[in-house]
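Throughout, protein chains are lettered first and strands after them, A, B, ... in sequence-line order, and every chain is numbered starting at 1.
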Amino acid sequence: MSFDFTITGFVALYIFMLAGFAGWVIIGNVPAILHTPLMSGSNFIHGIVVVGGLYTLINASTTQEQVIGFFAVLLGAGNAAGGYAVTDRMLAMFKSSEPASKPHRSHASKKKH
Amino acid sequence: MLTLLAQLTIGAANLVAAFLFLFGLKRMSSPATAASGIRLAGIGMVAAVLASFLYVLNIDDSVKPYLLMNITLALLALAIGGVGAWLAGRKVAMTAMPQMVAIYNGMGGGAAGAIAAVELFGNNAHDASQLIVTLLGALIGAISMSGSVIAWAKLQGIINKPLRIKSQQIINGVVFLAAIAVAGWIVFVTLSGADPLLSIASWTYIFFAIALIFGILMTLPIGGADMPVVISIYNAFTGLAVGLEGFVLGNPALMIAGMVVGAAGLLLTLLMAKAMNRSVANVLFTNFGDIVKAKHGAMKGTERETAASDAGIEMRYASSVIIVPGYGLAAAQAQQKLYEFVKLLQAAKVSVKFAIHPVAGRMPGQMDVLLAEAGVPYDLIFQLDDINEEFATTDVVLVIGANDVVNPAARTDKSSPIFGMPILNADKAKQVYVIKRGQGKGYSGIVNALFYSPNCNMVFGDAQDVLIKMIESVRSLGKASS
């Protein structure tokens with residue numbers, strides 16, 4: 001890459017540290033009732049690896065790189081699409097016993113932390 | 001100019017994706033907002049994937065002859081992988097969710113490993129730290145992939161028995177050290193230019209082979225009951241591998257998303273292990289289930305059987321009922337019937353609550369999903385810490401297809417393998433009914449003292465049939481009184 005996206009030593013460590021901390025704190029607030037959707041939701045999020053796969057495949061300049069890159073995108077896409085499909089399905093099932101209303105207008109304040 | 005614009009667009013899309021991932025996860029912390037959380041994260045993912053096609057505007061001249069083929073392959077891989085997994089995810093039964101998550105997770109680990117492989121074969125690393133990080137990500141990704149496949153096979157019932165061989169831990173240790181040694185050799189040879197004996201490419205193949213084998217060996221001896229913890233660990237592993245490969249590719253979105261999942265997965269793993277009263281090391285390195293065999297048949301007293309209709313009527317006239325569902329409920333596909341019964345009780349002004357143990361089901365929180373699928377509102381569902389005090393003042397507890405999580409031996413019997421595990425104090429209620437397929441032990445093979453206690457009655461039979469009888473008995477009461 002010519003444009004400066006390079007991340008060197010300590011900057012990388014700072015990113016890792018802050019991201020790790022953010023993940024820990026955000027998940028710490030999730031009630032146990034949502035642990036399964038959460039696990040599959042975080043599973044979906046590491047599906048972003050498909051972007052790395054696309055970068056690798058697009059820059060492939062040998063047959064070997066094409067083959068491996070193809071599998072990187074294939075597997076990454078499966079991770080992302082599958083993770084999304086199951087998480088979305090599970091979360092759509094959670095309903096409150098209060099009168100049914102559209103999910104985004106439901107009484108969000110009740111269980112907020 | 002065009003390439004600069006492309007790079008800025010990619011950068012911006014990745015930034016947006018990283019933000020939406022964090023924000024989406026945050027919104028998942030409440031059942032009311034969770035559904036919108038995953039959608040936001042999904043938008044971020046689509047944006048990042050679309051933007052990454054702009055990489056074509058900024059490639060080396062050496063890539064140009066391959067570009068058309070590369071783009072075709074990329075579209076093909078996205079279509080096959082994406083559509084295939086999407087359809088499978090839409091179709092899979094909620095009871096099979098743990099193995100589905102395992103397989104998607106393995107795919108992510110494999111993708112991270114594949115990216116690392118391209119970097120290694122192409123000898124793309126600029127310096128020692130990049131090479132080491134690439135290898136580390138490759139190792140973790142490969143272990144996560146092969147380990148997840150084994151976890152999937154176990155949960156799917158393809159591999160039934162934990163496979164244990166003599167001095168397994170030593171063999172695993174040696175294999176792991178071999179992977180590290182090969183990685184170290186690759187780093188040494190690349191940096192010093194010494195004679196590698198075999199070509200670097202061959203060493204890379206060997207490295208991946210050993211890493212994959214280690215993932216298999218590490219997962220094989222672990223029992224099915226512990227698989228959720230294992231899947232959670234591999235989820236964290238894949239996150240870590242993705243984060244590390246993100247560093248290698250200079251992509252902050254991968255770094256952030258990967259590390260967030262790594263930390264989240266670690267926390268989730270610790271929570272799960274705590275709920276089972278075991279350390280993560282204990283799950284990974286000891287053979288749960290072996291010690292248990294000697295114990296059964298030692299229980300005094302008998303199990304008292306009650307007819308389903310009697311139990312149903314008693315609950316109808318109770319003022320409070322707590323239901324403790326376990327995996328047996330889902331195995332019998334009886335969630336719908338259970339909720340139907342609960343609605344009848346509620347109509348008769350009985351206060352009904354569901355108590356969920358953290359490890360109910362085959363995965364933490366799976367029971368909650370299964371109940372939600374049947375239409376049970378989430379505000380009737382309570383977690384162990386929130387409801388455990390209430391059992392003592394509750395009239396009737398109905399245990400369906402759960403066993404170990406209500407075994408009082410966890411509180412009282414120091415010799416029990418589950419001693420110290422937090423349990424639901426169902427035994428403290430005035431009356432306990434247990435619906436069970438037949439006389440047998442729980443998933444861990446331990447005799448349950450609750451079933452022999454004076455305030456407990458057993459209702460033997462398939463959960464679905466029993467619930468139908470209970471529903472009928474309560475309905476006929478309603479008719480008689482009107």
Colleague: Less than 3.5 Å apart, any donor N or O on the side chain of B:D368 or B:Q383 sitting next to an acceptor on the other?
Modeller: yes

Colleague: Might you confirm whether atom CZ of A:F71 has over 12 heavy atoms from other residues, nucleotides or ligands at distances under 6.0 Å?
Modeller: no

Colleague: Okay, side chain of A:R89, backbone of B:G89: is any donor-acceptor separation there less than 3.5 Å?
Modeller: yes

Colleague: What closest approach, in Å, do B:S36 and B:R27 show between heavy atoms, and which atom pair accounts for it?
Modeller: OG-NE, 2.8 Å

Colleague: Examine whether an atom of A:L34 lies under 4.5 Å from a heavy atom of chain B, and if so say whether it belongs to the side chain, the backbone or both; otherwise answer neither.
Modeller: side chain

Colleague: If only side-chain N and O atoms count, and only distance matters, is there a donor-acceptor pair under 3.5 Å linking A:S61 with B:D60?
Modeller: no

Colleague: Which bit of A:E65 comes within less than 4.5 Å of chain B, counting heavy atoms only: side chain, backbone, both or neither?
Modeller: both

Colleague: Measure distances from B:A88 to the heavy atoms of chain A and classify the residue's part below 4.5 Å as side chain, backbone, both or neither.
Modeller: neither

Colleague: How far apart are the closest heavy atoms of A:L75 and B:A111, and which atoms are they?
Modeller: CD1-N, 3.9 Å

Colleague: In terms of heavy-atom pairs under 4.5 Å with chain B, which of A:N43, A:V51, A:V73 leads?
Modeller: A:N43

Colleague: Could you tell me which of B:L78, B:L266, B:I103 has the largest number of non-hydrogen atom pairs under 4.5 Å with chain A?
Modeller: B:L78

Colleague: Name the region of B:I231, side chain, backbone, both or neither, that has any atom closer than 4.5 Å to a heavy atom of chain A.
Modeller: both

Colleague: Is A:I45 close to chain B through its backbone or its side chain, or both, or neither, when contacts mean heavy atoms under 4.5 Å?
Modeller: both

Colleague: Kindly compute the distance separating CG (A:L74) from CG (A:N79), expressed to the nearest 0.5 Å.
Modeller: 11.5 Å

Colleague: For each of B:I256, B:N235, B:L371, tally heavy-atom pairs with chain A at distances under 4.5 Å, and name the one with the top tally.
Modeller: B:N235

Colleague: Using modelled atom types and a 3.5 Å cut-off, is there a donor and acceptor pairing between side-chain atoms of A:D88 and backbone atoms of A:Y84?
Modeller: no

Colleague: Tell me which of these, A:A92, A:A80, A:G52, A:G28, has more heavy-atom pairs under 4.5 Å with chain B than the rest.
Modeller: A:G52

Colleague: Answer with side chain, backbone, both or neither: which region of B:S232 has an atom nearer than 4.5 Å to a non-hydrogen atom of chain A?
Modeller: both

Colleague: B:F53 versus chain A, heavy atoms under 4.5 Å apart: side chain, backbone, both or neither?
Modeller: both

Colleague: Given a strict heavy-atom distance threshold of 4.5 Å, which part of B:P65 is in contact with chain A: side chain, backbone, both, or neither?
Modeller: neither

Colleague: Looking only at heavy atoms and a cut-off of under 4.5 Å, which of B:A79, B:A77, B:A263 has the most pairs with chain A?
Modeller: B:A77

Colleague: Among A:G78, A:G83, A:A12, A:A81, which residue has the highest count of heavy-atom pairs closer than 4.5 Å to chain B?
Modeller: A:G78

Colleague: Can you confirm whether B:L76 sits close enough to A:F70 that some side-chain heavy atom of one is under 4.5 Å from a side-chain heavy atom of the other?
Modeller: yes

Colleague: Can you label the angle between the A:F94 ring and the B:Y378 ring as parallel, tilted or perpendicular, going by 30° and 60°?
Modeller: tilted

Colleague: Taking B:V56, B:N105, B:L25 one by one, which has the highest count of heavy-atom pairs under 4.5 Å against chain A?
Modeller: B:N105

Colleague: According to the interplanar angle, ranging from 0 to 90°, do the rings of A:F16 and B:F247 count as parallel (below 30°), tilted (30 to 60°) or perpendicular (above 60°)?
Modeller: tilted

Colleague: Just so I understand: if I count every heavy-atom pair under 4.5 Å between each of A:A60, A:G47, A:A22 and chain B, which residue has the most?
Modeller: A:A60

Colleague: Checking B:I71 against chain A: side chain, backbone, both or neither under 4.5 Å from a heavy atom?
Modeller: neither

Colleague: Quick check for you: among A:I58, A:V67, A:T63, A:T87, which has the greatest number of heavy-atom pairs under 4.5 Å with chain B?
Modeller: A:I58

Colleague: Using non-hydrogen atoms and a 4.5 Å limit, figure out which bit of B:V83 sits close to chain A: side chain, backbone, both or neither.
Modeller: neither

Colleague: Need one label for B:L370: side chain, backbone, both or neither, based on atoms under 4.5 Å from any heavy atom in chain A.
Modeller: neither

Colleague: Check each atom of A:V50 against the heavy atoms of chain B and say whether the ones under 4.5 Å are side chain, backbone, both or neither.
Modeller: side chain

Colleague: Which region of B:M367, side chain (C-beta onward) or backbone (N, CA, C, O), has a non-hydrogen atom less than 4.5 Å from a non-hydrogen atom of chain A, or is it both or neither?
Modeller: neither

Colleague: On a heavy-atom basis, which atom in B:G109 and which in B:T238 lie closest, and how many Å separate them?
Modeller: N-CG2, 3.2 Å

Colleague: Kindly indicate whether the side chain of B:M97, heavy atoms from C-beta on, has any atom under 4.5 Å from the side chain of A:S40.
Modeller: no

Colleague: Determine the minimum heavy-atom distance between B:F21 and B:G44, stating which atoms define it.
Modeller: CE2-C, 4.4 Å

Colleague: Identify which of A:I48, A:I26, A:I27, A:V86 forms the greatest number of heavy-atom pairs closer than 4.5 Å to chain B.
Modeller: A:I48

